[in-house]
Amino acid sequence: MGMGIEELEDRINQMRKILILIAKETGLDSNDTLLCSRKLDKLITLYQKGKINKIQKFD
């Protein structure tokens with residue numbers, strides 16, 4: 001089973017902090033920054049889908 005919304009929020013916040021650190025160290029267009037950004041995008045997409053599914057269950 002997947003992770004809950006709260007866990008996703010925590011992972012998004014952690015990944016956001018990591019992304020900022022990597023971008024400061026390696027630059028905005030570095031491969032490391034872009035890879036981290038893609039991972040963050042995936043987490044945010046999962047979060048948004050989870051929120052939509054949660055809202056739809058209450059309709």
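Predicted model only: the values in this text are computed from it and were never measured.
- No chain of hydrophobic side-chain contacts below 4.5 Å, direct or via other Ile, Leu, Val, Met, Phe, Trp or Tyr residues, connects Leu21 to Met15.
- Here the OG1 atom belonging to Thr26 is positioned 8.5 Å from the CG atom belonging to Leu34, to the nearest 0.5 angstrom.
- Counting side-chain heavy-atom gaps under 4.5 Å among Ile, Leu, Val, Met, Phe, Trp and Tyr, the cluster of Ile18 also holds Ile22.
- Checked against side chain to side chain donor-acceptor pair (under 3.5 Å), Arg16 has the following partners two or more places apart in sequence or in another chain: Asn13.
- Looking only at distances, no side-chain donor or acceptor of Thr33 sits under 3.5 Å from a matching main-chain atom of Leu28.
- Distance SG/Cys36 to CD1/Ile20: 9.5 Å, rounded to 0.5 Å.
- Here CD of Glu9 is found 6.0 Å from CD of Glu6. Values are rounded to the nearest 0.5 Å.
- Of the inter-residue distances, the one linking Leu8 atom CG with Lys51 atom NZ reads 10.5 Å to the nearest 0.5 angstrom.
- Residue Ile44 is grouped with residue Leu19 when hydrophobic side chains (ILVMFWY) are merged at heavy-atom distances under 4.5 angstrom, including chains of intermediate members.
- For the atom pair CZ (Arg11) and NZ (Lys42), the distance works out to 12.0 Å, reported to the nearest 0.5 Å.
- We find the CD1-CG distance between Ile5 and Asp10 to be 11.5 Å, quoted to the nearest 0.5 Å.
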